Amino acid sequence: MKNKIMFILLCSLTLFACKKNVTSVTANTGTITVTPESAVPTAVISSFNASFSTATEREWQHNPDDSFTCQFNMDHQRHEAHFDDKGHESSHSVICTDAAVPGLVLDAFRQGFPVDNVYEWNLTNENTWKAHFMRSAVKWEVTFSNDGIMLKSEHE
């Protein structure tokens, strides 16, 4: 019985590991300006609702290139989706903490980047993992396969 309780507790913590506190709108890279949903084009909202009808706690951001980003909760996870101003969805990913990332991926990241701290992990539609971190005021994104193979490394 004790083992079952511990298992249930561990599963519950894992499910909520990706949930974001929506009162915080700051990131390591600066302040994020949240755009009211009423300022998002109807085509974008319609496309979003068609793809993510059960989404809650939506936060919209209007990007400099006139695209829109929405972070939201769905299925006990935090998600991020990107849309152009016509409503075309360009990407979707799940935002996670280290607890949800496979051990092989975490080990591979730590081998290649031993002193860097990831502020956000994303699980993409292609079933790859993207690590986001800052190094000397430069934003990095490193992509790994589920097997822990580094596929791409980029920085601004």
Side-chain angles (χ1 to χ4, degrees), residues 6-7 9-37 39-40 44 47-48 51-52 54-85 87-156:
M6 291 301 289
F7 177 74
L9 180 61
L10 181 61
C11 288
S12 296
L13 290 173
T14 302
L15 285 175
F16 292 103
C18 296
K19 190 162 185 161
K20 178 184 166 203
N21 179 356
V22 285
T23 59
S24 173
V25 292
T26 58
N28 291 355
T29 58
T31 302
I32 297 170
T33 304
V34 176
T35 300
E37 193 164 302
V40 178
V44 176
S47 178
F48 178 87
S51 296
F52 309 106
T54 61
T56 62
E57 300 181 42
R58 302 172 184 189
E59 289 180 4
W60 286 96
Q61 180 182 356
H62 187 191
N63 303 313
D65 64 354
D66 276 338
S67 65
F68 291 85
T69 302
C70 185
Q71 288 191 0
F72 56 96
N73 292 346
M74 190 172 74
D75 302 326
H76 304 290
Q77 295 177 316
R78 192 72 178 163
H79 296 251
E80 182 174 273
H82 299 269
F83 297 85
D84 67 16
D85 60 345
H88 176 262
E89 181 183 331
S90 59
S91 68
H92 168 238
S93 58
V94 178
I95 303 169
C96 297
T97 62
D98 288 358
V101 180
L104 289 172
V105 174
L106 291 174
D107 291 344
F109 176 82
R110 199 45 57 215
Q111 284 179 345
F113 306 91
V115 297
D116 296 297
N117 293 312
V118 176
Y119 65 83
E120 179 178 274
W121 282 100
N122 290 332
L123 176 60
T124 68
N125 288 344
E126 294 82 32
N127 209 27
T128 60
W129 291 92
K130 292 188 180 213
H132 298 268
F133 61 95
M134 297 292 290
R135 181 189 290 165
S136 302
V138 176
K139 183 178 176 181
W140 284 72
E141 179 182 273
V142 182
T143 305
F144 293 92
S145 69
N146 269 330
D147 301 335
I149 297 168
M150 186 169 61
L151 303 173
K152 185 170 34 170
S153 176
E154 301 176 295
H155 58 85
E156 293 180 354

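Just so you know, these numbers use all the heavy atoms, side chains as well, and skip hydrogens, waters and symmetry mates. Residue numbers start at 1 and run along the sequence shown. These numbers were taken from a predicted model, which means no experiment stands behind them.
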Quick one: pull up CD1 in I95 and OH in Y119 and give me the separation to the nearest 0.5 Å. 10.5 Å
Minimum heavy-atom distance between R78 and Q71, given as atom pair plus value: NH2-O, 3.3 Å
Within a strict 4.5 Å, meaning less than it, do heavy atoms of the F52 and C70 side chains meet? no
I'd like to check the side-chain hydrogen bond (donor to acceptor under 3.5 Å, both in side chains) partners of S91; sequence neighbours left out, ordered by chain and number. none
With sequence neighbours left out, the residues meeting salt bridge (Lys or Arg N to Asp or Glu O under 4.0 Å) with E37 are R58
Side chains of S67 and D65, donor plus acceptor under 3.5 Å: yes
Min side-chain heavy-atom separation W121-L106 under 4.5 Å: yes
Can you name the nearest heavy-atom pair linking G148 to A108, along with the distance? O-CB, 3.0 Å
Please report whether the ring centroid of F68 lies less than 6.0 Å from that of F48. no
Looking at residues at least two apart in the chain, or sitting in another chain, which of them share a side-chain hydrogen bond (donor to acceptor under 3.5 Å, both in side chains) with E89? S51
Is any side-chain heavy atom of V44 closer than 4.5 Å to one of W60? yes
Hey, does the side chain of S145 reach the backbone of D147 with a donor-acceptor pair shorter than 3.5 angstrom? yes
Are any non-hydrogen side-chain atoms of F133 and V142 less than 4.5 angstrom apart? yes
Of all residues at least two apart in sequence or in a different chain, which pass the salt bridge (Lys or Arg N to Asp or Glu O under 4.0 Å) check with D85? none
Tell me, please, which residues at least two apart from D66 pass side-chain hydrogen bond (donor to acceptor under 3.5 Å, both in side chains). H62
Taking S90 for its side chain and H82 for its backbone only, find out whether a donor-acceptor pair lies under 3.5 Å. yes
In this structure, CH2 of W140 is separated from CD of E156 (nearest 0.5 Å) by 11.5 Å
What is the minimum heavy-atom distance between S47 and G87, and which atoms define it? OG-O, 2.6 Å
Work out which heavy atom in M74 is nearest to a heavy atom in T54; give both atom names and the distance. CG-OG1, 3.2 Å
Could you list all the salt bridge (charged side-chain N to carboxylate O under 4.0 Å, His left out) pairs where at least one residue sits in residues 112-134, not counting sequence neighbours? D116-R135, K130-E141
Might you point out which heavy atoms bring S93 and T124 nearest each other, and give the distance in Å? CB-CA, 4.2 Å
Heavy-atom closest pair (T128 atom, L151 atom, distance to 0.1 Å) is CG2-CD1, 3.8 Å
Roughly how far apart are N122 CG and H79 NE2, rounded to 0.5 Å? 11.0 Å
Just say parallel, tilted or perpendicular for the rings of F109 and F144, cut-offs at 30° and 60°. perpendicular
